[in-house]
Q: 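Right, I'll just put the structure down here and ask away after.
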Amino acid sequence: FLIVGNDEKLLWDDKGAPIIYPAGKDSVVILDLAKPENPKVIATLPLKNSIVGPPVNLAIDPTNSIALVADSIDVAKDGEKLKMNPDNKVYVIDLKSNPPKLANTITVGKQPSGLSINAAGNLALVTNRIDKTVSLLSIKGTDVKVVDTVDLGGI
């Protein structure tokens with residue numbers, strides 16, 4: 001499988017200036033690469049995600065059973081303007097479902113901006129930029145839970 005995050009909240013104008021749009025149009029696309037010369041889209045999920053951090057905001061476990069997607073940024077109104085704020089979610093996608101589907105949403109620290117699943121597929125680390133912490137997740141199928149959060153001491 002291949003997972004692709006599409007962030008529609010932050011775009012740039014012709015001069016390179018950022019333009020912030022309301023949340024609600026992001027998606028995650030899952031491709032089946034069984035035939036690499038002919039990849040097939042098997043699911044498009046309407047999940048918030050962010051260009052702040054990818055490709056390390058997306059991960060698939062070694063058995064192709066689940067995918068994790070870190071949601072770093074939320075957009076909210078600040079007066080008349082839109083403002084980007086840190087979010088704190090990690091989405092668990094069940095890749096064994098047909099089609100793949102959202103299985104769970106986990107709350108971690110503020111602005112999860114990097115994640116990695118270990119080779120055994122039973123643990124993941126999530127870096128929480130704003131909190132300056134790392135969350136340890138246990139993985140048992142689609143049952144993914146925060147088991148510890150380590151403070152990096154302001155690093």
Q: Tell me, do Val134 and Leu152 make a side-chain contact under 4.5 Å, heavy atoms counted?
A: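 Yes, their side chains come closer than 4.5 Å.
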Q: Which other residues belong to the hydrophobic cluster containing Leu33, where Ile, Leu, Val, Met, Phe, Trp and Tyr are joined when side-chain heavy atoms lie under 4.5 Å apart, directly or via other members?
A: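 Taking Ile, Leu, Val, Met, Phe, Trp and Tyr as members, Leu33 shares its hydrophobic cluster with Leu2, Val4, Val29, Leu31, Val41.
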Q: Run the side chain to side chain donor-acceptor pair (under 3.5 Å) test against Asp94 and tell me which residues pass, sequence neighbours left out.
A: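 Asp94: side chain to side chain donor-acceptor pair (under 3.5 Å) contacts with Ser97.
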Q: Do any pairs count as a salt bridge (charged side-chain N to carboxylate O under 4.0 Å, His left out) and have a residue in residues 112-121, sequence neighbours left out, and if so which ones?
A: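 Found none.
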Q: Looking only at non-hydrogen atoms, find the nearest pair between Leu95 and Asn64 and report the distance.
A: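 Shortest heavy-atom contact: CB-O, 3.5 Å.
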Q: Surrounding CD of Glu80 (heavy atoms of other residues, nucleotides or ligands, distance under 6.0 Å), is the total greater than 12?
A: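 Result for CD/Glu80: open.
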Q: Test of understanding: with side chain to side chain donor-acceptor pair (under 3.5 Å), list the residues that count as partners of Ser65, not counting sequence neighbours.
A: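 Ser65 satisfies side chain to side chain donor-acceptor pair (under 3.5 Å) with Thr63 once adjacent residues are dropped.
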Q: Ile3 versus Val69: any side-chain heavy-atom pair under 4.5 Å?
A: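 SC-SC contact between Ile3 and Val69 confirmed.
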Q: Assess whether side chain to side chain contact (heavy atoms under 4.5 Å, CB included) is satisfied between Thr107 and Lys89, documenting all intermediate values.
A: CA-CA 5 Å; Thr107 300; Lys89 302 290 185 271; 3.9 Å; yes
Q: So which residues get pulled into Val92's cluster when ILVMFWY side chains under 4.5 Å apart are joined, directly or through others?
A: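 Traced through the cluster, Val92 reaches Ile66, Leu68, Val90, Ile106, Val108, Leu115, Ile117, Val126, Leu137, Ile139, Val144, Val146.
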Q: For residues Ser72 and Asp87, is any side-chain donor paired with an opposing acceptor at under 3.5 Å?
A: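 No.
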Q: Under the salt bridge (Lys or Arg N to Asp or Glu O under 4.0 Å) rule, collect the residues that match up with Lys9, sequence neighbours excluded.
A: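 Residues passing salt bridge (Lys or Arg N to Asp or Glu O under 4.0 Å) with Lys9: Asp7, Asp26.
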Q: Sequence neighbours left out, what passes salt bridge (Lys or Arg N to Asp or Glu O under 4.0 Å) with Lys145? Give chain and number order.
A: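 Counting only residues at least two positions away or on another chain, Lys145 forms a salt bridge (Lys or Arg N to Asp or Glu O under 4.0 Å) with Asp143.
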Q: Only pairs under 3.5 Å count here: list side-chain donor-acceptor contacts from residues 11-19, not counting sequence neighbours, and write none if there are none.
A:
{"unit_1": "Asp13", "atom_1": "OD1", "unit_2": "Lys15", "atom_2": "N", "d": "2.9"}
{"unit_1": "Asp13", "atom_1": "OD1", "unit_2": "Gly16", "atom_2": "N", "d": "3.0"}
{"unit_1": "Asp13", "atom_1": "OD1", "unit_2": "Ala17", "atom_2": "N", "d": "2.9"}

Q: Taking all atoms of both residues into account, what is the closest heavy-atom pair of Leu82 and Tyr21, and its distance?
A: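 It is CD1-C, 3.7 Å.
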Q: Shortest non-hydrogen contact from Lys132 to Asp151?
A: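 Taking Lys132 first and Asp151 second, the nearest heavy atoms are O-OD1, 3.6 Å.
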Q: Could you tell me which residues satisfy salt bridge (Lys or Arg N to Asp or Glu O under 4.0 Å) with Asp61, sequence neighbours excluded, listed by chain and number?
A: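 None.
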Q: Looking at Asp131 and Lys110, would you say the former's side chain and the latter's main chain have a donor-acceptor pair under 3.5 Å?
A: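 Answer holds: yes.
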Q: Can you see which heavy atom on Val75 is nearest to which on Ala23, and at what distance?
A: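 Result for this residue pair: CB-N, 4.1 Å.
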Q: Could you check Ile93, Asn6, Thr105 and say which one makes a side-chain contact (heavy atoms from CB on, under 4.5 Å) with Leu47?
A: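 Testing each of Ile93, Asn6, Thr105 against Leu47, the sole residue satisfying side-chain contact (heavy atoms from CB on, under 4.5 Å) is Ile93.
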Q: List for me each residue that meets side chain to side chain donor-acceptor pair (under 3.5 Å) alongside Thr133, sequence neighbours excluded, and say none if there are none.
A: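 For Thr133, the residues satisfying side chain to side chain donor-acceptor pair (under 3.5 Å) (neighbours in sequence not counted) are Asn128.
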Q: With a 4.5 Å heavy-atom cut-off, do Ile20 and Met84 have their side chains touching?
A: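 They are in contact (side-chain heavy atoms under 4.5 Å apart), so the answer is yes.
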Q: Between Pro100 and Leu45, which heavy-atom pair has the shortest distance, and what is it?
A: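 Shortest heavy-atom contact: O-CD2, 3.6 Å.
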Q: Which value, rounded to the nearest 0.5 Å, describes the distance between Asn104 atom CG and Tyr91 atom OH?
A: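 OH of Tyr91 is found 11.5 Å from CG of Asn104.
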Q: Return the minimal non-hydrogen interatomic distance between Lys25 and Glu8, and the atom names on each side.
A: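 Where Lys25 meets Glu8 most closely, the heavy atoms are O-CG, 3.3 Å.
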Q: Between Asn49 and Val28, is the side chain to side chain contact (heavy atoms under 4.5 Å, CB included) condition met? List the steps.
A: CA-CA 8 Å; Asn49 61 93; Val28 172; 3.7 Å; yes
Q: With sequence neighbours excluded, what pairs up with Asp74 under the salt bridge (Lys or Arg N to Asp or Glu O under 4.0 Å) test?
A: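 Only Lys48 meet the salt bridge (Lys or Arg N to Asp or Glu O under 4.0 Å) criterion with Asp74.
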Q: Clusters formed by hydrophobic residues whose side-chain heavy atoms approach within less than 4.5 Å: which one holds Ile130, and what are its other members?
A: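 Besides Ile130, the hydrophobic cluster comprises nothing; the residue is isolated.
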Q: For the atom pair NZ (Lys101) and CD1 (Ile30), what is the distance rounded to the nearest 0.5 Å?
A: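 Between atom NZ of Lys101 and atom CD1 of Ile30 there are 12.5 Å.
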